[in-house]
Q: 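Here it is, the structure in full.
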Number of protein chains: 2
Amino acid sequence: MTSSRATLIQVAERAGVSLSSTSRALHGGGASAAMVERVRAAAAELGYSPDAIGRSLRMKKTFQVAFAVADIGNPVYVEMMAAIHQVLAPHGYRVVVMSTGDTTTSTTELVRSLSGGFVDGMILVPLRTDDALIQALREQEVPVVVVGRPLGEHGLDSVSTDSTDGIARAVNHLRELGRRRIGFLNGPLDTTPGQARQRGFDAAHQGGAVEVAEDFTVAAGVVAARRLLAAGETQGRPLDAVVAANDLLAIAVIRAARERGLTVPGDLAVTGMDDTEFGRVFQPSLTSVSLGSAERGRAAAGIMLSLAEGHHERTRQIEVGPELVVRESTDPTALPDDIEPLSLDSP
Amino acid sequence: MTSSRATLIQVAERAGVSLSSTSRALHGGGASAAMVERVRAAAAELGYSPDAIGRSLRMKKTFQVAFAVADIGNPVYVEMMAAIHQVLAPHGYRVVVMSTGDTTTSTTELVRSLSGGFVDGMILVPLRTDDALIQALREQEVPVVVVGRPLGEHGLDSVSTDSTDGIARAVNHLRELGRRRIGFLNGPLDTTPGQARQRGFDAAHQGGAVEVAEDFTVAAGVVAARRLLAAGETQGRPLDAVVAANDLLAIAVIRAARERGLTVPGDLAVTGMDDTEFGRVFQPSLTSVSLGSAERGRAAAGIMLSLAEGHHERTRQIEVGPELVVRESTDPTALPDDIEPLSLDSP
DNA sequence: AGGGGTTCTGGAAACGTTTCCGGGAAACCT
DNA sequence: AGGTTTCCCGGAAACGTTTCCAGAACCCCT
């Protein structure tokens, strides 16, 4: 009975009709009502369900899309993945998660592995890009949408955001609040986001105090934040605001501020970036520049979808604008009302 | 050149040998050194990479494992998925993420869809279970590992944890600290975790004040936490500790406590559950009962792996013990030193 | 009534791979 | 030197599906 799955051939035999007619009857091609009825009945009796592999082999289509990222645990990527899944699933596509690894060579390797044909396309978020990677992407025959840097000039579909501009928005927001001695806590400068954000701060607030954390983490951030705050103070010009390159770094700044007895946002206003769940839940809730992770995910998925359906148009390059979300860490009157429902935890 | 991917047949032609020899030469079967050399060269020239679909069809093996969960955005599940991926990827398995939906019927439907054969097995985290679901799981021919309730009695492989005992540990910890008026903030009682945790508190601390939040979220938690704290106070016996069913609810309690001017952990000690990144990063960092999400993920992946390799032994039922992690929210001397490196965010 | 068109059906090929099987050559042993 | 084992290779089948092609039946119209 449930010994081994029923195949289409068995359904055909059971219904007493040919294999081709059976396929048509089930798949909707030209078939008489009587035929459809017979085949349906036979299929139901045998508990038939079509084999995805057989179908894929014939149709050259897997109905799978890869989502590749350096670290699947990162909240920003998680949000993106959820959005991608939400777009793709209703269209019958499955999402395969993959890891790019840390280096550009391992990423390149991953891209090359797409030739295996286990997937109809891939949404890639590379930490860094180099020529070899771009080259590999170009000569790939399975479509890839790159999230990160705009790569239209290389003929690649891409979805990006302008974090440089995002930092500028944070600075302007603090200026409007009357803050003048604004510091900047950045992450490593050899990363794409680190570089972009540094440019943003340099352009928006020349001569401000700057510190660089060894990593985009709270732990590394606290160390650097202490230096940043101390430096301003010893110069007799204590900072009254800090722009952090990241929500986690912003949290680090707040921790360091508390150590020094500073109130947030009273003595020190702090902004983060990425608008993560962390920031929303933290106390004080974080003013943060949203880079639209979910929206970028949706955009990438949308492109992927049309690519997977075979609509190879001109290369598409979408940019979603950053958006400032004001909360308690800069505005004491802000209400913590936008805490998202973060659903159940595991049984 | 890059027109269409080279097939094994083309490699065979190029090398001037038969198809079967080509396969053997590449896959390691009995083949002479000379043969291997010729085929390798031909394959390299043509840039051949084997087609995963063709291979799957023949070998009846997809090298894919599904991970199904109600909400992919949930940090607990994310941690689990990361662990699963980490175990499976080195063995050549890909991870497909799927959504169970909210209801047990949609979950059952998902399980049935496994008959499609697009995956070698599935790791399932059902929100709730009912007879139909268990029935569907039993008559599935593709192996499923259930994370949640122990289901060994039904002949199903499962990985579980004892959150009832976990709550008891939190209560005992607070007792040891000298706290006596301990309240409990739970989530919805019609969920598996809600029920288990309620049992845990009832058993460990009879007669304690209890409130139920409408959801396992900070927003819902704050509302319920206010009631909980107010109730104790009006009775002239203000609480000196609260056990929360969740890290998010614990954060809610801390918020509510601050509103009332209470210090944490001075006036009120608070414990959470799940040991999430949120709790580690929050200030004060959260004492929390770890339910070993990562470890459960690893265990489930391990079982899955042996199942996928065909080792169908007796049904396996693993239980990972809860573990209390003490941090600032109950112990003011605890150092926030265990903040995990949470890596980069997106460019 | 016969020709042209439409509708439905069955046979067969194709997708790309692995593996069973048989044959031939070489090596080994007595 | 003859028989037996070992080793290596090519032919062919199989996995489960979709789709092309051709033929049969039927209807409609003149």
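These values consider heavy atoms only, across backbone and side chains, with no hydrogens, waters or symmetry-generated copies. Chain A is the first sequence line, chain B the second, and so forth, proteins listed ahead of strands; every chain is numbered from 1.
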Q: Have T129(B) and R149(B) got a donor and an acceptor in their side chains that come within less than 3.5 Å?
A: yes
Q: If the cut-off is 4.0 Å, is R55(A) near the phosphate of dT18(D), judged by side-chain N/O to OP1 or OP2?
A: yes
Q: Output the single nucleotide from dA13(C), dG16(C), dG10(C) whose closest atom is nearest the side chain of S20(A).
A: dG10(C)
Q: Look at the side chain of R5(B) against the base of dG16(C) and say whether a donor-acceptor pair falls under 3.5 Å; ignore hydrogens and angles.
A: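 Counting by modelled atom types and ignoring angles, no donor-acceptor contact under 3.5 Å is found here.
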Q: With DNA chain D as reference, determine whether S18(B) or M59(B) sits nearer its 5' end, using the nearest nucleotide of each.
A: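 Of the two residues, S18(B) wins.
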Q: Pick the nucleotide of DNA chain D nearest each of L19(B) and G16(B); which residue has the one closer to the 5' end?
A: G16(B)
Q: With the side chain of R24(A) defined as its heavy atoms from C-beta on, choose the nearest nucleotide among dT18(D), dT17(C), dT19(D).
A: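 The closest nucleotide is dT19(D).
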Q: Looking at dT17(C), dT9(C), dT18(D), which one has an atom nearest to any side-chain atom of S21(A)?
A: dT9(C)
Q: Please tell me whether T161(B) and R296(B) have a donor and an acceptor in their side chains that are separated by less than 3.5 angstrom.
A: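 T161(B) vs R296(B): no donor-acceptor pair found between side chains.
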Q: Out of dT17(D), dG10(C), dC15(C), which nucleotide sits closest to the side chain of L57(A)?
A: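 It is dC15(C).
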Q: Looking just at side-chain N and O atoms, do S158(A) and S160(A) make a donor-acceptor pair shorter than 3.5 Å?
A: no
Q: If you round to the nearest 0.5 Å, how far is CG of L57(A) from CG of D51(B)?
A: 7.0 Å
Q: Just the rounded figure in Å: distance from P of dT19(D) to NZ of K61(A).
A: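 Computing the K61(A):NZ to dT19(D):P distance gives 13 Å.
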Q: dA14(D) phosphate, OP1 or OP2: any side-chain N/O from K60(B) under 4.0 angstrom?
A: no
Q: Contact class for S23(B) (heavy atom, under 4.0 Å): base, sugar-phosphate, or nothing?
A: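 Base contact - S23(B) has a heavy atom under 4.0 Å of at least one base atom.
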Q: Starting from C1' on dT19(D), measure out to CG on L8(A) and report it in whole angstrom.
A: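 Roughly 13 Å, once rounded to whole Å.
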Q: Quick one: pull up CG in L305(B) and NE2 in H311(B) and give me the separation to the nearest 0.5 Å.
A: 8.5 Å
Q: Hey, is the side chain of S32(B) poking within less than 4.0 Å of OP1 or OP2 on dC9(D), counting only N and O atoms?
A: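 So the side chain of S32(B) is within the cut-off, an N or O lying under 4.0 Å from OP1 or OP2 of dC9(D).
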Q: Give the rounded distance in Å between these two atoms: CZ of F118(A) and C1' of dT17(C).
A: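 So the CZ-C1' distance, F118(A) to dT17(C), works out to 17 Å.
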Q: Which nucleotide wins on minimum distance to the side chain of M35(A), given the candidates dG16(C), dG10(C), dA14(C)?
A: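 Minimum distance to the M35(A) side chain belongs to dG10(C).
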Q: Measuring from the side chain of V17(B) (C-beta onward, heavy atoms only), which nucleotide among dG10(D), dT18(D), dT17(C) has the closest atom?
A: dG10(D)
Q: Nearest to the side chain of D51(B), heavy atoms from C-beta on, is which of dG16(D), dG16(C), dG10(C)?
A: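 From the listed options, dG16(C) comes nearest.
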Q: Remember a base hit wins even if backbone is also touched, and classify I53(A) as base, sugar-phosphate or nothing at under 4.0 Å, heavy atoms.
A: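 Answer is nothing: I53(A) stays at 4.0 Å or more from every strand.
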